[in-house]
Participant: 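What follows is a structure written as structure tokens; I'll ask about it next.
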Amino acid sequence: MRPNYKVKLGISNKHIHLSQADLEALFGEGAELTFKKALVQPGQFAAEEQVEIVGAKGSAKVRVLGPVRKATQVELSMTDARTLGIKAPIRESGKLEGTPGLKVIGPKGEVELQEGVIVAKRHVHLSAAQAEEAQAVNGEIVKVVIGEGERKLVFDDVVCRCGDGHEAEMHIDTDEANAACAANDQIVEIIFA
């Protein structure tokens with residue numbers, strides 16, 4: 001049996017990743033994202049730019065995360081999705097086929113997404129070296145213990161995302177974090193089957 005492995009926790013608030021075409025449609029021709037703050041995952045950052053997303057029941061402002069991607073993707077918590085009136089499925093990042101869309105409004109224009117709205121499946125990032133140390137395999141499903149005391153939770157069905165371009169961190173959304181009274185950067189423990 002493999003020993004448990006500890007990583008930091010990252011809590012994801014609702015956000016959007018934009019394709020270059022959608023970035024330009026929303027912010028103007030030749031638009032580029034403005035760096036605000038580095039994220040833990042290599043090359044990832046929070047941008048200064050924000051947009052409004054509009055669902056059947058309401059709208060919300062969301063921050064754009066960079067760099068640009070091949071396809072625009074909106075990540076919400078289940079609470080966010082219900083508030084906006086969107087039936088967003090739980091999916092791994094990038095698996096957008098058959099997902100709902102919504103309207104995105106920027107300062108220079110708007111985009112009607114046909115797909116791309118998800119509730120992100122909880123996951124753990126590990127670099128190739130960290131995965132080797134933990135004896136983890138890309139795509140495997142693990143459990144993760146978050147917290148102590150009365151609100152301690154064991155999250156099941158957590159997917160490992162291992163390899164170059166990753167850094168040790170577990171990602172959950174605000175709903176999951178609130179259920180466990182969790183905080184950014186706290187240490188959580190991966191349990192291997």
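One is the number of the first residue; the rest follow in order along the sequence.
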Participant: Could you go step by step and tell me if His166 and Leu126 meet the side-chain contact (heavy atoms from CB on, under 4.5 Å) rule?
Facilitator: CA-CA 5 Å; His166 297 277; Leu126 294 169; 5.7 Å; no

Participant: Is there a path from Phe192 to Leu9 through hydrophobic residues (I, L, V, M, F, W, Y) whose side chains come within less than 4.5 Å of each other?
Facilitator: yes

Participant: Out of curiosity, does Phe155 fall in the hydrophobic cluster containing Val142 (side-chain heavy atoms, cut-off under 4.5 Å, transitive links)?
Facilitator: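 Yes, Val142 connects to Phe155 through the hydrophobic network.
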
Participant: Indicate the atoms forming the closest heavy-atom contact of Ala56 with Gly85, along with that distance.
Facilitator: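 Shortest heavy-atom contact: CB-O, 3.7 Å.
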
Participant: For the CD1 atom of Ile146 and the CZ atom of Arg122, what is their distance to the nearest 0.5 Å?
Facilitator: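 Atom-to-atom, Ile146:CD1 and Arg122:CZ are 8.5 Å apart.
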
Participant: Count the heavy atoms belonging to other residues, nucleotides or ligands that lie under 6.0 Å from CZ of Arg82, then report whether that count exceeds 12.
Facilitator: no

Participant: Side-chain heavy atoms nearer than 4.5 Å, only ILVMFWY residues, links allowed to pass through others: does that put Met78 and Leu76 together?
Facilitator: no

Participant: Begin from the C-alpha positions of Thr72 and Asp22 and carry the test side chain to side chain donor-acceptor pair (under 3.5 Å) through to its verdict.
Facilitator: CA-CA 7 Å; Thr72 294; Asp22 288 344; 2.6 Å; yes

Participant: Would you say Arg91's side chain and Glu97's backbone share a donor-acceptor pair under 3.5 angstrom?
Facilitator: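 Such a contact is found between Arg91 side chain and Glu97 backbone.
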
Participant: Check Asp164 against Ala128 and note the closest heavy-atom contact, atom names and distance.
Facilitator: OD1-CB, 4.0 Å

Participant: Could you tell me whether Glu32 atom CD has more than 12 heavy atoms of other residues or ligands within 6.0 Å of it?
Facilitator: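 No, the 6.0 Å shell around CD holds no more than 12 heavy atoms from other groups.
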
Participant: Applying a strict under-4.5 Å side-chain criterion to I, L, V, M, F, W and Y, I'd like to know whether Val62 and Phe45 cluster together.
Facilitator: yes

Participant: Does Phe27 belong to the same Ile/Leu/Val/Met/Phe/Trp/Tyr cluster as Ile53, with side-chain heavy atoms less than 4.5 Å apart forming each link?
Facilitator: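 Yes, one cluster joins them.
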
Participant: Search all heavy atoms of Ala134 against all heavy atoms of Arg2 and return the closest pair with its distance.
Facilitator: O-CD, 3.9 Å

Participant: Hey, does the side chain of Arg161 reach the backbone of His123 with a donor-acceptor pair shorter than 3.5 angstrom?
Facilitator: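 Between the backbone of His123 and the side chain of Arg161 there is no qualifying donor-acceptor contact (under 3.5 Å).
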
Participant: Considering non-hydrogen atoms only, spot the tightest contact between Val144 and Met170 and give its length.
Facilitator: CG1-SD, 3.4 Å

Participant: Checking Gln114 against Glu112 for the side chain to side chain donor-acceptor pair (under 3.5 Å) test, could you report, in this order, the C-alpha distance in whole Å, the side-chain angles of both residues, the deciding distance, and whether it holds?
Facilitator: CA-CA 6 Å; Gln114 299 307 305; Glu112 192 72 47; 5.6 Å; no

Participant: Quick check: closest heavy atoms across Ala71 and Leu96, and the distance to 0.1 Å?
Facilitator: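 Smallest heavy-atom distance, with atoms named: CB-CD1, 4.2 Å.
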
Participant: In terms of heavy-atom contacts, does CD1 of Ile141 have more than 12 from other residues, nucleotides or ligands at under 6.0 Å?
Facilitator: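 For Ile141, atom CD1 is crowded (more than 12 foreign heavy atoms under 6.0 Å).
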
Participant: Apply side-chain contact (heavy atoms from CB on, under 4.5 Å) to Leu102 and Val54, showing your working.
Facilitator: CA-CA 6 Å; Leu102 48 62; Val54 183; 6.0 Å; no

Participant: Applying side chain to side chain donor-acceptor pair (under 3.5 Å) to Thr83 and Asp80, what does each step give before you reach the verdict?
Facilitator: CA-CA 5 Å; Thr83 300; Asp80 296 326; 5.8 Å; no

Participant: Okay, side chain of Glu140, backbone of Val137: is any donor-acceptor separation there less than 3.5 Å?
Facilitator: yes

Participant: Which residue, His17, Lys14, His171, forms the side-chain hydrogen bond (donor to acceptor under 3.5 Å, both in side chains) with Glu75?
Facilitator: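 One option only clears the test, and that one is His17.
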
Participant: Do the non-hydrogen side-chain atoms of Ser127 and Cys162 ever get within less than 4.5 Å of each other?
Facilitator: no

Participant: Ser59 vs Glu52, test: side chain to side chain donor-acceptor pair (under 3.5 Å). Steps then yes/no.
Facilitator: CA-CA 7 Å; Ser59 66; Glu52 185 179 4; 2.8 Å; yes

Participant: Is a donor on one side and an acceptor on the other found under 3.5 Å between the side chain of Asp175 and the backbone of Thr79?
Facilitator: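 Indeed, once roles are kept as given, a pair shorter than 3.5 Å links the two residues.
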
Participant: Using modelled atom types only, decide if a donor and an acceptor are shared between the side chain of Asp173 and the backbone of Ser12 within a distance under 3.5 Å.
Facilitator: no

Participant: Test Tyr5 against Glu133 for side-chain contact (heavy atoms from CB on, under 4.5 Å), laying out the working first.
Facilitator: CA-CA 9 Å; Tyr5 193 80; Glu133 181 184 20; 2.9 Å; yes

Participant: Just by modelled atom types, is the Gly94 backbone N or O under 3.5 Å from a matching donor or acceptor in the Gln73 side chain?
Facilitator: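 Indeed, once roles are kept as given, a pair shorter than 3.5 Å links the two residues.
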
Participant: With a 4.5 Å limit on heavy-atom distance, are the side chains of Leu26 and Glu49 in contact?
Facilitator: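 Not touching, per the 4.5 Å side-chain cut-off.
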
Participant: So for atom NZ, which belongs to Lys143, do other residues, nucleotides or ligands contribute more than 12 heavy atoms lying within a distance under 6.0 Å?
Facilitator: no

Participant: So, for Glu115 and Thr99, which heavy atoms are closest and what is the spacing to 0.1 Å?
Facilitator: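 Shortest heavy-atom separation between Glu115 and Thr99 comes out as CB-O, 3.2 Å.
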
Participant: Under the side-chain contact (heavy atoms from CB on, under 4.5 Å) rule, what do Val7 and Ile187 come out as? Steps first, then yes or no, please.
Facilitator: CA-CA 6 Å; Val7 299; Ile187 302 301; over 6 Å; no

Participant: Please check: side-chain N/O of Arg69 versus main-chain N/O of Leu18, any donor-acceptor pairing under 3.5 Å?
Facilitator: no

Participant: With a 4.5 Å limit on heavy-atom distance, are the side chains of Ile190 and Val188 in contact?
Facilitator: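 Side chain of Ile190 against side chain of Val188, heavy atoms only: no contact under 4.5 Å found.
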
Participant: Out of Gln130, Gln44, Lys8, which one pairs with Glu167 under the side-chain hydrogen bond (donor to acceptor under 3.5 Å, both in side chains) rule?
Facilitator: Gln130

